[in-house]
Amino acid sequence: MSPRLLALIPSAVALNLAIGFVVNQLGLPLYLDTVGTVIASALAGPVAGAITGIVSQTVRSLYEGFIWFPFAAVQVLIALLAGFAALRGGFRSVPRSLAWGLVVGALAGALSAVISWFVFKGVTATGVTAVTILLTRLGLTTPQAVTVSSLGTDLLDKTIVFLLAGAVLRALPERVLGRYPWARRALAR
Amino acid sequence: MTPRAGLAARAHPFTLFVVVAGAAALAFIVPAPAGPLALYALTAVLALITGNAGAVARAALVCLPLWVLLALLHGVGGSFDPRSLTVSREGLAAAAAQGARLGAVATASLVLFAAFDPSRFLDAVAERGWSFHAAYLVVATLQAAPRFRRRAAAILEAQRARGLRTGRGVAGRVRALVPLTAPLVLGMLTEADDRAMALEMRGLGARVARTPLAPPPRRAGDRIARWAIGALVVAGIAWRLLA
Amino acid sequence: MNDAAPALVFDGVTLRYSAAHTPALADISLTIRSGEVTWLYGALGAGCTSLLLAAAGLAPGHTGGELSGSVRALGIDPHDPRGRAGLVGRIGFVTAVPASQLSGVAATVREEVAFAPANLGWPVGRIEAAAAAALERFGLTRLAERDPAHLSGGELQRVIVASMLALGPALWLLDEPASALDRAGRESLRSLLAAEAGRGAAVVIASEDADTMLGVADRIVVLDGGRVALDGPPASVLAGPAVWQHAGGSTAIAALARSAAGLAEPVPAALLPPYPLTADEGVARWS
């Protein structure tokens, strides 16, 4: 691995964790813990993003217990899709970020639902599980409720992540972007 | 770094990772609900004996909301009408089994974190000739995380002092994220540039095996523990497949 | 040592960053010899940092942009990937912000200083001896077991220099290494640079701090707009009027003499260039 990635990835992971902290401070019902992963993918390619995702989940597991480690698969999926979005100029404008955020949110939500059901018997982060329980009370079966709540949360969360990542990338000075060849395509300037 | 006491801290770092992986594997192998419950009890007792009461308590705290949600999700049926609520014995058993799995894994991993010494871990990886870069990423992140958190808090304060409104509705708070995140990312990239150059000049990309400075001793006890856990997992799988 | 092979040779080097309109370095030709302290001096944006980055092979590789002309550091092209490998550990590279140069994984100052030699696969005994000597040399032994994250800016800057010193580099490239140092720290840096040059290393240091550099630098190279504007012994270059046009600064005493000359009309002979550079020279001239 190049020293550039060795320097960038820990910062991107720390960004994931720090944004989680800011979201908490602002009292938002979101995670946004993949902003660093998406930005790493858009700047340095999907492999950098995927490693960021795996390290994020490893470090969170060290802090909070390895129970959530299987969700590293979702981080990797998001990184790969964000890399693909970058190739297609997915961060060039607000509508593009929005569209890619919805696509990634749908796929990530589907994968989360599968992991949540098979590994965790339906529980994920507390807020999502509360929605799942609410849906079972409305008459959905538990697998249906898990799918709907995971999809709903991830659609909202990943859309905001992509909008936020796009806004931040577009705000970066040319001097900084010039160092990351992937960023040029992501913003297609 | 304060010196850490206790069996877990003296153990080879890889032994602790094997314990966590073993606990996670066994949690899903042993028959529910008695198996996971017994495993959780065993993990907690072992943690208490080795002086890790804090990790046991913290794991319980992490798992508590999940236990409640599992019980509600699987154990309690019916609609919103309180009269329609039914309690399912099977459902509660399934919830207890899953809750115990989470408890066992959380306890084992928080013991690991309490005993985790980054320098020993790096030296252990270097001594084995495994990917030092992968180990570097994890340890560098553990060092960077508190720094970024402090910086995020400082930026939040500074932007609020400059009149950024962070309190109005969900949409307003989401919009407020951009002026909070942009300086954080710009700072992160500038720092990453400098660090990348420094790491390169300090030979992190060099194609030679890194010297372990003070690798943890390889004790027979560690080796026996790792093999025993591995054998237990294999035996468990074989038993479940044959039974 | 002046007859030794040159440590650093720039031949017609031009460096352009991708987002910039003007080149950061414009047709620089320069030869730096081993055993000498060469002081790079210039206003912000004059090209001092870029010259150091290009010498280490880090620009344009890390910064983006294009480089033309030829650079040879210790006889090796630092921009050639194969050449670079042979240079790792032989260049002592220090930038102005110490915190972002930390390894990011060391729990103690001793581990921080041992980080680079360990990466290069040195035997443990040699690493320990080199780290202990570097810490001792820079007065850091009492901080050896401290966490680098809890050091002050000045302490951190000394740790960074010590972590390069442990490698025993043949070429030092330092960018404002004294920016966070106190008076005592600057004094130990001066004696370190002199000792390193005496050992036969080539020392190239970009610094705005004329009062620290004077007396230790053998040569000053003044950069202006990415070009070499002046080049010579510091005493003659700094005492003349030309340095004011190109770099807009000099020692505190010279600045005093110059502003006094600007105030007086007609200018008394005592305030005309060459300006005094040190307090002692000022006292000798004006008393």
Side-chain angles (χ1 to χ4, degrees), chain B residues 1-4 13 116-127 129 131-151 186-216, chain C residues 52-53 56-59 61-64 78 81 84-108 110-128 131 145-149 160 163-164 166-167 169 173 175:
Chain B
M1 290 273 148
T2 49
R4 294 168 178 80
F116 189 75
D117 180 337
S119 305
R120 283 182 96 221
F121 173 66
L122 287 175
D123 278 342
V125 169
E127 193 201 15
S131 169
F132 184 75
H133 287 174
Y136 174 88
L137 287 178
V138 171
V139 174
T141 303
L142 285 174
Q143 277 208 1
R147 202 170 63 237
F148 268 68
R149 207 184 157 99
R150 277 196 300 275
R151 207 179 293 167
L186 187 58
M188 147 192 146
L189 294 177
T190 311
E191 191 186 295
D193 271 340
D194 274 8
R195 175 149 298 141
M197 294 195 248
L199 291 179
E200 180 160 349
M201 298 313 286
R202 293 174 74 183
L204 191 57
R207 294 222 169 91
V208 285
R210 185 184 151 97
T211 309
L213 294 170
Chain C
L52 295 174
L53 292 178
L58 296 170
H62 278 266
T63 58
R84 296 194 55 75
L87 281 173
V88 174
R90 299 178 63 202
I91 296 182
F93 182 80
V94 177
T95 64
V97 186
S100 47
Q101 293 175 84
L102 286 174
S103 65
V105 292
T108 64
R110 190 186 300 282
E111 282 178 23
E112 185 66 42
V113 175
F115 180 74
N119 284 335
L120 296 176
W122 289 14
V124 178
R126 184 177 169 208
I127 296 175
E128 281 171 354
E145 303 310 322
R146 290 264 299 273
D147 181 348
I160 295 297
S163 65
M164 286 296 172
L167 290 169
L173 301 170
D175 192 1

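So that the names make sense, note that chain A is the first sequence line, chain B the second, and so on, each numbered from 1. Side chains included, hydrogens not; waters and symmetry mates left out as well; all remaining heavy atoms used.
Only the side chain of B:Leu122 comes within less than 4.5 Å of a heavy atom in chain C; its backbone stays farther off. With a 4.5 Å cut-off on non-hydrogen atoms, C:Leu87 does not touch chain B at all. Residue C:Arg90: no heavy atom, backbone or side chain, is found under 4.5 Å from chain B. With a 4.5 Å cut-off on non-hydrogen atoms, C:Ala85 does not touch chain B at all. For C:Phe93, the part sitting under 4.5 Å from any heavy atom of chain B is the side chain, from C-beta outward, and nothing else. Of the two parts of B:Pro146, neither the backbone nor the side chain holds a non-hydrogen atom closer than 4.5 Å to a non-hydrogen atom of chain C.
Residue-level contacts of residues 196-203 of chain B with chain C, in order of numbering, are B:Ala196, B:Met197, B:Ala198, B:Leu199, B:Glu200, B:Met201, B:Arg202, B:Gly203; threshold 4.5 Å between heavy atoms.
In the displayed structure, B:Arg149 atom CZ is contacted under 6.0 Å by at most 12 heavy atoms of other residues, nucleotides or ligands.
Atoms CG and OG1, from B:Asp194 and C:Thr95 in turn, are 5.0 Å apart once rounded to the nearest 0.5 Å. With rounding to the nearest 0.5 Å, the separation of CD in C:Glu128 from OG1 in B:Thr211 is 10.5 Å.
Of the possible donor and acceptor atoms, none in the side chain of B:Arg210 sits under 3.5 Å from a partner among the backbone N and O of C:Leu120. Of the possible donor and acceptor atoms, one in the side chain of B:Arg195 sits under 3.5 Å from a partner among the backbone N and O of C:Ala99.
Judged as a side chain to side chain donor-acceptor pair (under 3.5 Å), and not counting sequence neighbours, the contacts of C:Asp175 are C:Thr49.
Between B:Ala140 and C:Val105, the shortest heavy-atom distance links the atoms N-CG1, 3.6 Å. Of all heavy-atom pairs between C:Ser100 and B:Glu191, the closest is CB-CG, 3.6 Å. Of all non-hydrogen atoms in C:Glu111 and B:Ser119, the two that sit nearest each other are OE1-OG, 2.8 Å.
Contacts with chain B were tallied for C:Ala114, C:Gly89, C:Ser103; C:Ser103 has the most, counting heavy-atom pairs under 4.5 Å. Between chain B and the residues C:Ser163, C:Ala149, C:Pro117, C:Gly92, the most heavy-atom pairs under 4.5 angstrom are made by C:Ser163.
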